[in-house]
Amino acid sequence: MRLPVTGPLLVALACVASAAAQPSPAAPRAWWGDYRYVWNGGRTAGGSGVVVTYDLRLGADGCRITARGYQTDEVIRCTAVPRAGVLDIAFRSFGDGALRNQYGVAVYRPGERLFSLSNRRGTIWTGWGSYSPWENDRPLGRHFRKVTR
């Protein structure tokens, strides 16, 4: 038996579809540009390089992280939230709009801080949150570098 979709359920479905179609909120203009971090994890037992390149794009169309390299190929839609001289990069969804990765795992929660950036006298510092390439926590460091304006 099929039930008709009416009233509050129809409104809720329309809101979900509308939210999914919206672009990511714009990053603060002072941070607009492309940033890159190349993580070198050493070598495998067979001698292959373990390298992943993380590209962060901040602009009028929002925030996006692309990670490609050793056993890594993903896109994350993010939000850039300014607070007291720091820019928090938070999870919004994976590149396809889903909240689960390609393996069906919900790795991050929407709004979860992935990492933070701060600019100290022209040097970008990265404070890692839940999106760290290392297995163990890493302290604040000079990782992401701005590659375009």
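Excluded from the calculations below are hydrogen atoms, water molecules and symmetry mates; all remaining heavy atoms, backbone and side chain alike, are included. Only a predicted model underlies this, so the values are computations on that prediction, with no experimental measurement involved.
- Under the 6.0 Å cut-off for aromatic ring centres, Tyr131 and Tyr54 qualify, their centroids lying closer than that.
- Remark: Arg142 CZ is loosely packed, at most 12 non-hydrogen atoms of other residues, nucleotides or ligands lying under 6.0 Å away.
- Note that CZ of Arg92 is 13.0 Å distant from CD1 of Ile65, once rounded to the nearest 0.5 Å.
- Using modelled atom types, no side-chain atom of Lys146 and backbone atom of Gly122 make a donor-acceptor pair closer than 3.5 Å.
- Under the 4.5 angstrom side-chain criterion for Ile, Leu, Val, Met, Phe, Trp and Tyr, the cluster partners of Val38 are Val51.
- Heavy-atom contacts from other residues, nucleotides or ligands closer than 6.0 Å to CZ of Arg113 number more than 12.
- In terms of modelled atom types and a separation under 3.5 Å, the side chain of Ser93 and the main chain of Arg77 share no donor-acceptor contact.
- Residue pairs meeting the salt bridge (charged side-chain N to carboxylate O under 4.0 Å, His left out) criterion with at least one partner in residues 40-52, sequence neighbours excluded, do not occur; the list is empty.
- A tilted orientation is assigned to the rings of Phe91 and Tyr108, their planes being inclined by 30° to 60°.
- Put simply, the side chain of Arg68 reaches to within 4.5 Å of the side chain of Asp73, judged on heavy atoms.
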Residue pair Ile89, Cys78: steps toward the side-chain contact (heavy atoms from CB on, under 4.5 Å) verdict: CA-CA 6 Å; Ile89 306 301; Cys78 47; 3.9 Å; yes

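- Judged as a side-chain hydrogen bond (donor to acceptor under 3.5 Å, both in side chains), and not counting sequence neighbours, Thr72 has no contacts.
- For the atom pair Trp32 CH2 and Cys63 SG, the distance stands at 13.0 Å (nearest 0.5 Å).
- Taking 4.5 Å as the limit, every side-chain heavy atom of Ser118 sits out of range of all side-chain heavy atoms of Ile124.
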Does the side-chain contact (heavy atoms from CB on, under 4.5 Å) test come out yes or no for Tyr37 and Thr126, once each step is laid out? CA-CA 10 Å; Tyr37 171 52; Thr126 307; over 6 Å; no

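- Atom CD of Gln71 is separated from atom OG1 of Thr44 by 9.5 Å, given to the nearest 0.5 angstrom.
- Nearest heavy-atom pair across Tyr70 and Gly49 is CD1-O, 3.9 Å.
- Both Val52 and Val50 are assigned to one and the same hydrophobic cluster, defined by single-linkage of ILVMFWY side chains at heavy-atom distances under 4.5 Å.
- Nearest heavy-atom pair, Pro28 versus Pro82, reported as atom, atom and distance to 0.1 Å: CG-CG, 3.8 Å.
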May I have the step-by-step check of side-chain contact (heavy atoms from CB on, under 4.5 Å) for Phe94 and Glu74, ending in yes or no? CA-CA 8 Å; Phe94 285 96; Glu74 71 180 359; 3.8 Å; yes

Report all side-chain donor-acceptor pairs from residues 95-106 shorter than 3.5 Å, counting only partners two or more places apart or in another chain.
{"residue": "Asp96", "atom": "OD1", "partner": "Ala98", "partner atom": "N", "Å": "2.9"}
{"residue": "Arg100", "atom": "NH1", "partner": "Gly104", "partner atom": "O", "Å": "3.3"}
{"residue": "Asn101", "atom": "OD1", "partner": "Tyr103", "partner atom": "N", "Å": "2.9"}
{"residue": "Asn101", "atom": "OD1", "partner": "Gly104", "partner atom": "N", "Å": "3.2"}
{"residue": "Asn101", "atom": "OD1", "partner": "Val105", "partner atom": "N", "Å": "3.0"}

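- Residues Trp125 and His143 keep their aromatic ring centres 6.0 Å or farther apart.
- Taken together through direct or relayed side-chain contacts under 4.5 Å among Ile, Leu, Val, Met, Phe, Trp and Tyr, Ile76 and Val107 form part of one hydrophobic cluster.
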What verdict does the side-chain contact (heavy atoms from CB on, under 4.5 Å) test give for Arg64 and Arg57, after you've listed the backbone C-alpha separation in whole Å, the side-chain angles of each residue and the deciding distance to 0.1 Å? CA-CA 5 Å; Arg64 185 181 72 237; Arg57 172 163 279 182; 4.0 Å; yes

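- With sequence neighbours excluded, no residue forms a ring-ring contact (aromatic ring centres under 6.0 Å, His included) with Tyr35.
- With sequence neighbours excluded, the residues that form a side chain to side chain contact (heavy atoms under 4.5 Å, CB included) with Arg83 are Val86, Asp88, Ser116.
- Contact of the Leu114 side chain with the Trp128 side chain is not registered, since no non-hydrogen atoms from C-beta on lie closer than 4.5 Å.
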